[in-house]
Amino acid sequence: MFDYLKYVREENFPHIWCSGCGDGIVLKALLRAVDKLGIDRDEAVMVSGIGCSSRTPGYVDVNTLHTTHGRALAFATGVKSAKPHLTVIVVTGDGDATAIGGNHFIHAARRNIDLTVLLYNNYIYGMTGGQCSPTTPRGARASTAPFGNLEPPFNISGLAIAAGASFVARGDVYNAKKLETLILKALQKKGFSLVEVVTPCPTAYGRRNRMANPVKMMEHLRDTAVSMEKWESMSGEERAGKFRTGVLCDVERPEYTEEYARLVEEVRTDR
Amino acid sequence: MMERYELRLSGSGGQGLILAGKILAEAVAIYEGRNAVQTQSYGPEARGGASKAEVVISDGDIDYPKAMSLDVLLSLTQESCAKYSGDLKPGGILIVDSEMVTDPPRGEYRLYAAPITEIATTRVGKVVVTNIVALGFLARITEIVSVGAMKKAILARVPKGTEEVNMKAFDEGWNAAEELLRA
Amino acid sequence: MMQGNQACAEGAVAAGCRFFAGYPITPSSEIAEYLSIMLPRIGGRFIQMEDEIAAMGATIGASLTGVKAMTATSGPGFSLKQENIGYASMAEVPCVVVNVMRGGPSTGTPTLPAQMDVQQARWGSHGDRGVIALTAKSAQETFQQTIRAFNLAERYMTPVILLLDEITGHTTEKVVIPERSTLEIVDRAAPDEPPGEYLPYRLTDDCIPRLAPFGTGYRYNVTGLVHNETGFPTNDSRDIACLIERLTKKIEMHEDDIVQWNEVMLDDAEVGIFAYGSVARSANAAVRLCREAGLRAGLLEPTVLWPFPTKAVLEMARRVKVIVVPELNLGQMAREVSLAAQCSVPVRRLGRVDGNPITPQQIVDLVGEVL
């Protein structure tokens with residue numbers, strides 16, 4: 001049995017997440033991955049923005065930085081640039097990272113700065129009460145889309161790949177062991193690494209979309225999350241309504257803080 | 001003791017007049033040990049438009065850094081000459097590019113005209129040194145700063161490898177003024 | 001010889017700044033340009049961010065690792081940075097924000113001088129908090145005030161705003177850079193206790209927290225939510241009041257250490273001029289011209305705008321018959337001067353907003369008119 005207590009701030013429990021929320025499953029997968037890699041807690045910094053997912057760092061016994069809405073990646077870029085030896089993990093959500101923080105998201109990926117980003121995608125603004133987000137599916141209901149959402153959603157992983165991220169994976173909280181592996185790989189990768197985690201929000205999303213029962217939402221995840229291998233063998237018809245999980249992109253590109261360190265070595269005059 | 005001597009170098013954006021202003025100010029302040037302040041005013045255009053650099057020279061402290069009543073106005077374009085000549089004091093010096101400023105304003109000032117841009121293009125062979133030709137011309141006419149200080153200030157500011165052409169530009173400007181004064 | 005913006009970059013490096021995050025904006029861009037050359041040469045970091053908000057965020061992030069950090073901007077960028085400036089106030093993260101002011105509202109006049117952000121510096125971010133904002137009138141003063149901005153930020157664990165204007169930023173003049181060893185440089189205080197007993201926001205007599213740099217063994221939480229001594233969010237009424245009152249008290253109780261001003265011929269003055277930034281140069285010239293003309297004018301020249309130099313203004317108000325406030329806005333500080341003078345003398349404002357500087361003669365004319 002893995003000793004989660006080694007890594008959490010027990011005094012801050014119980015957590016604020018609703019029953020049936022997937023955020024705790026991501027937290028546990030992250031802690032197992034961190035433990036496997038033997039990351040020093042003093043040298044780890046978790047940075048988040050605003051939203052349900054962004055409360056994650058508060059429960060983890062490392063250096064934690066809970067910033068403003070959408071800006072986690074900007075703060076994290078400052079932390080990592082100033083002290084590149086620190087392991088910087090960013091926790092964010094679909095609204096935080098791709099609506100208000102969309103600009104920082106694409107530029108952090110483009111810069112290929114060595115951050116590991118866990119993006120909890122629950123298709124909704126949970127903390128503020130169920131408003132439409134950039135990943136709310138077309139036709140789904142939200143408190144600000146009472147007649148069904150008119151807008152097409154972002155493909156977050158696709159966006160990160162297009163922007164230049166060196167590692168992009170998608171996982172889900174039903175397949176928790178696999179999620180742990182993906183987070184582990186992301187943490188090991190030098191460069192901008194994203195793990196998009198599909199996770200249910202029964203309270204704000206499920207309730208409005210005929211999935212108020214958390215079990216039903218988990219079953220839905222089980223039925224719609226498809227491994228890369230299986231995805232390849234599926235027809236277009238079979239793929240409808242489903243999504244791929246696994247490593248979607250893993251390439252070698254120059255990492256920003258290493259490039260800067262090289263520049264400093266070249267131009268230094270203070271020695 | 002000189003209380004306050006004000007110069008304005010004007011033309012269009014891209015002619016290097018702000019750099020010329022800095023060089024003049026540095027010649028006075030660094031290489032002659034007096035006080036000088038240089039300010040600038042520019043529009044949104046990196047090239048074209050009306051641009052100006054001002055230099056205030058004094059043997060004492062300089063509080064207000066902008067020109068109020070000009071001792072010298074240099075204008076390399078008609079537009080800048082028309083726009084800025086109103087601040088020239090009676091008896092002040094107006095230096096214009098004779099090819100570019102075809103209609104210099106009338107007034108109680110001393111007019112010195114020379115084909116400054118033309119000198120840069122033909123005699124030096126590089127239009128980019130128009131600003132340095134202008135400085136040579138202005139230095140001779142005004143006698144506000146020594147040749148030695150000007151040359152040191154120019155060499156400290158211009159890109160490596162262009163020292164010779166800039167020195168030639170300064171000399172050509174100086175000589176043109178010399179000829180004009182003798183005529 | 002250097003322009004004010006370069007003097008700012010030189011001052012930052014002299015103060016120990018080793019991180020700068022910025023975004024291009026006229027008339028402040030030269031600060032970023034100079035630091036992009038200077039910082040890597042001394043092992044520091046410069047980064048051009050994707051926008052003004054990100055530049056402010058990165059500055060705070062870097063500072064939390066113990067590195068002295070700065071950003072620079074102008075009006076529109078200053079507006080965009082406000083939320084994260086408030087974050088730095090709330091989380092008590094030292095950093096320096098330079099605003100080379102232009103005219104507004106909106107894009108306004110990018111290349112022309114103005115002083116329209118002096119109230120935004122005080123009240124621009126939502127919520128109650130104490131604010132430190134400095135100003136400078138010359139390249140030399142900019143060098144010194146940039147160092148002071150870092151010193152105050154580190155001493156009081158707060159963002160410090162340096163309000164320059166286009167004239168100060170772009171005026172090239174002599175700057176004497178003193179020997180490093182003669183400069184007073186302040187570094188943030190280290191925690192007094194070992195990690196096991198550490199409370200990042202422990203209540204102290206001086207109201208100033210001791211935040212340990214990330215990566216030094218003190219693992220704690222930083223948040224923009226109201227928090228208690230532990231750094232974790234709270235909704236406890238006593239904790240809320242305690243923090244919000246402390247954020248104002250922290251600055252107020254140290255006002256005598258923070259606020260500074262210069263006085264010019266105020267002793268026998270009948271007209272007191274209150275002027276700051278580049279306008280203080282016009283005012284210095286105006287005092288000289290007034291005295292030559294037999295007009296008894298004097299000058300109060302604050303180098304710190306926030307906290308407002310209330311005591312100095314009240315003292316001046318007791319001595320003079322009338323106060324004149326020339327500024328490149330429509331009375332933002334004149335109102336503050338009126339409040340501080342407590343209606344004891346009339347306060348006449350001279351606001352210029354056409355993109356041109358206030359000339360010494362304009363001030364002299366007004367002095368002549370009010371006497």
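So that the names make sense, note that chain A is the first sequence line, chain B the second, and so on, each numbered from 1.
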Choice from [options] maximising heavy atom contacts with chain C below 4.5 Å:
options: A:Val88, A:Asn103, A:Leu86; result: A:Asn103
options: A:Thr257, A:Val62, A:Leu73; result: A:Val62
options: A:Val60, A:Thr77, A:Thr68, A:Ile50; result: A:Thr68

Check whether [X] gets within reach of chain A through its side chain, its backbone, both or neither, counting any heavy atom under 4.5 Å.
X: C:Thr65; value: both
X: C:Phe214; value: both
X: C:Leu64; value: side chain
X: C:Tyr218; value: backbone

Interface moiety of [X] toward chain C, non-hydrogen atoms closer than 4.5 Å:
X: A:Arg71; answer: side chain
X: A:Leu65; answer: both
X: A:Asn12; answer: side chain

message = Any side-chain to backbone donor/acceptor pair from A:Arg41 onto A:Lys6? Under 3.5 Å, distance only.
response = yes
ask   = When you look at C:Val67 and A:Lys83, which way does the side chain to side chain contact (heavy atoms under 4.5 Å, CB included) test go after all the steps?
value = CA-CA 9 Å; C:Val67 174; A:Lys83 289 282 151 75; 3.9 Å; yes
Answer yes when [X] and [Y] have at least one side-chain N-carboxylate O distance shorter than 4.0 Å, and no when they do not.
X: C:Arg41; Y: A:Asp270; result: no
X: C:Glu92; Y: C:Lys250; result: yes
X: C:Glu193; Y: C:Arg210; result: no

request  = Report yes if the side chains of C:Met56 and C:Cys95 come closer than 4.5 Å at any heavy-atom pair, otherwise no.
outcome  = yes
inquiry  = Using a 4.5 angstrom heavy-atom cutoff, name the option from C:Thr230, C:Ile37, C:Ile60, C:Thr216 with the most pairs to chain A.
reply    =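 So the answer, after comparing C:Thr230, C:Ile37, C:Ile60, C:Thr216, is C:Ile60.
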query = Would you call the rings of A:Phe2 and A:Tyr4 parallel, tilted or perpendicular, where under 30° means parallel and over 60° means perpendicular?
reply = perpendicular
